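Treat the numbers as computed from the prediction; the structure is a model and nothing was measured. FYI, side chains are in, hydrogens and waters are out, and symmetry mates aren't considered; it's all heavy atoms of this structure. Numbers here simply count residues along the sequence, with the first being 1.
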Amino acid sequence: MKLNNGLKIAIVYGSVFLGAGFASGRELLQYFVGFGRVGMWGLIVSGILFALVGWSVLTICRREEITTYNGFMKFIFGERLGPIMEGCVAGFLFCLFAAMLAGAGATAYQAFYLPFSVGALVVGLIVFAVLCFGLDGIVKINLFLAPLMLLGGIFIGFYSFLAYTAPAFASFSGGGRMGLAWLLSAIVYGSYNLVTGVPVLAATSKLAVTKRDAMVGGLLGGGVITLLGLSMSLPLFLYYTDIISLEIPFLHIARDYGSIFSVLYLTVLVSALLTTAACNAFAVMQWLESRGYKNKIKAAAVLCLLGVLAAHIGFSNIVIFVYPIFGFVGLFKIIVILIRNFAGGNLRQG
């Protein structure tokens, strides 16, 4: 079946956010579930950010005939600030890439009792192979794995929630943080994820041939990830006290429903690890190419090796301490993008 360009963009865009932190349940616990029921409103706020920014980036790229992330950043922030912001984002993309490899190491240890380094190295090698094929490799791996992740993740979330015998939220002890902290957490979550999403969108913007392609790619991508987040958060409430300290919370939940369910979950988790690691690494490669590094194979090999080494910082440490820092950088980026799109488009029409 041949997919239209808007749907292709939506699949790739949505896959960017389905990394180890999301599919493992670690990010959802940290940024939403810990606030109680109001955290679900936070997920919706993040989803709206994903949709609006995705649509805006694709619209700007199409309107200005921009096909690279380097060109997009220069248009948004100018010739001086653009390269500085681009460098900051490239640093965070590498941190996210390392986090995906760390998630692979944690999964190998928690699920199969293998050394952490084995899981990180295997995923690093697969990403290296994907990078050798450039954008075509990124699109193909996402088109192959993303439907499995999305459908599998939604099924796992709702099934584990509905199959739980205790009343919903009965054992949940979170939600003690009041005020608007949940909203700030949602914005930070959306912001740091969009630090990764924007480079991938800029790289795939050449697929946005029409206004409809841009709208479908951005809005549908944001909508699907919101639905998936809501469905996978439900069982996290139920098991909150048992999983709050685990690296891969959802693996603990999956084991309660038998080996078949565990295999399905591991398939979703590994798919999420691979697609997000590949997307992040690809975005870093795009940045390196814009800086004159033309030997793609050598650059990909060095990047993957450094990622494996950095992964040993630890998955939870990266999620808890590194992600929020870049969230505030991403927030500034989001504000400028939205202004550039809506205000800029109006000025051009006027």
Side-chain angles (χ1 to χ4, degrees), residues 16-34 86-128 130-131 185 188-197 199-200 243-252 266 269-285 287-288 299-331:
V16 173
F17 309 122
L18 295 176
F22 189 100
S24 68
R26 188 70 254 168
E27 281 182 338
L28 294 173
L29 276 174
Q30 177 75 22
Y31 292 97
F32 302 106
V33 175
E86 201 178 339
C88 290
V89 170
F92 182 54
L93 290 169
F94 176 76
C95 291
L96 288 175
F97 173 53
M100 298 307 104
L101 300 185
T107 301
Y109 180 77
Q110 190 173 325
F112 306 108
Y113 307 104
L114 294 172
F116 177 95
S117 299
V118 171
L121 182 60
V122 168
V123 172
L125 289 172
I126 294 174
V127 171
F128 169 73
V130 172
L131 290 177
S185 182
V188 169
Y189 176 81
S191 299
Y192 78 68
N193 270 287
L194 284 165
V195 170
T196 3
V200 174
I243 62 177
I244 186 61
S245 62
L246 297 178
E247 289 273 283
I248 313 292
F250 242 109
L251 183 58
H252 174 86
L266 283 171
L269 177 60
V270 172
S271 299
L273 283 165
L274 284 172
T275 55
T276 308
C279 285
N280 290 331
F282 175 71
V284 176
M285 287 285 293
W287 180 75
L288 290 174
V302 172
L303 177 64
C304 290
L305 177 60
L306 291 176
V308 171
L309 294 176
H312 287 77
I313 294 172
F315 180 47
S316 291
N317 288 333
I318 297 175
V319 171
I320 294 172
F321 299 111
V322 178
Y323 283 19
I325 295 173
F326 284 94
F328 292 102
V329 175
L331 180 58

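- W287 places none of its side-chain heavy atoms less than 4.5 Å from the side chain of L93.
- Between F92 and L96, some side-chain heavy-atom pair lies under the 4.5 Å cut-off.
- Remark: A310 pairs with F94, A98 by the side chain to side chain contact (heavy atoms under 4.5 Å, CB included) rule, at least two apart or across chains.
- The two residues V130 and A278 have their closest heavy-atom pair at CG1-CB, 4.2 Å.
- For A300, the side chain to side chain contact (heavy atoms under 4.5 Å, CB included) partners are F128, L131, M285, not counting sequence neighbours.
- Annotation for A108 and G119: closest pair CB-CA, 3.8 Å, computed over non-hydrogen atoms.
- Separation of atoms CG (L101) and CG (L125) is listed at 10.0 Å; rounding is to 0.5 Å.
- Pairing each heavy atom of A277 with each of V123, the nearest pair is CB-CG1, 4.5 Å.
- Smallest separation of non-hydrogen atoms from G327 and S191: O-CB, 2.9 Å.
- Between V127 and C304, the shortest heavy-atom distance links the atoms CG1-SG, 4.2 Å.
- Residues satisfying the side chain to side chain contact (heavy atoms under 4.5 Å, CB included) test with L251, not counting sequence neighbours, are Q110, A111, I248, R255, Y265, L266.
- With sequence neighbours excluded, the residues satisfying side chain to side chain contact (heavy atoms under 4.5 Å, CB included) with V122 are V118, I126.
- Between Y31 and Y189, the angle of the ring planes lies from 30° to 60°, which puts this pair in the tilted group.
- Atom-to-atom distance recorded for F250:CZ and R26:CZ is 13.0 Å, nearest 0.5 angstrom.
- Identified under the salt bridge (charged side-chain N to carboxylate O under 4.0 Å, His left out) test for residues 98-114, with sequence neighbours left out: none.
- Rounded to the nearest 0.5 Å, atoms CG (L269) and OG1 (T107) are 4.0 Å apart.
- The shortest non-hydrogen separation linking G314 to A102 is C-CB, 4.2 Å.
- Looking at heavy atoms from C-beta onward, L331 lies out of side-chain contact with V188 at the 4.5 angstrom threshold.
- Residues that satisfy the side-chain hydrogen bond (donor to acceptor under 3.5 Å, both in side chains) test with H312, not counting sequence neighbours, are S117.
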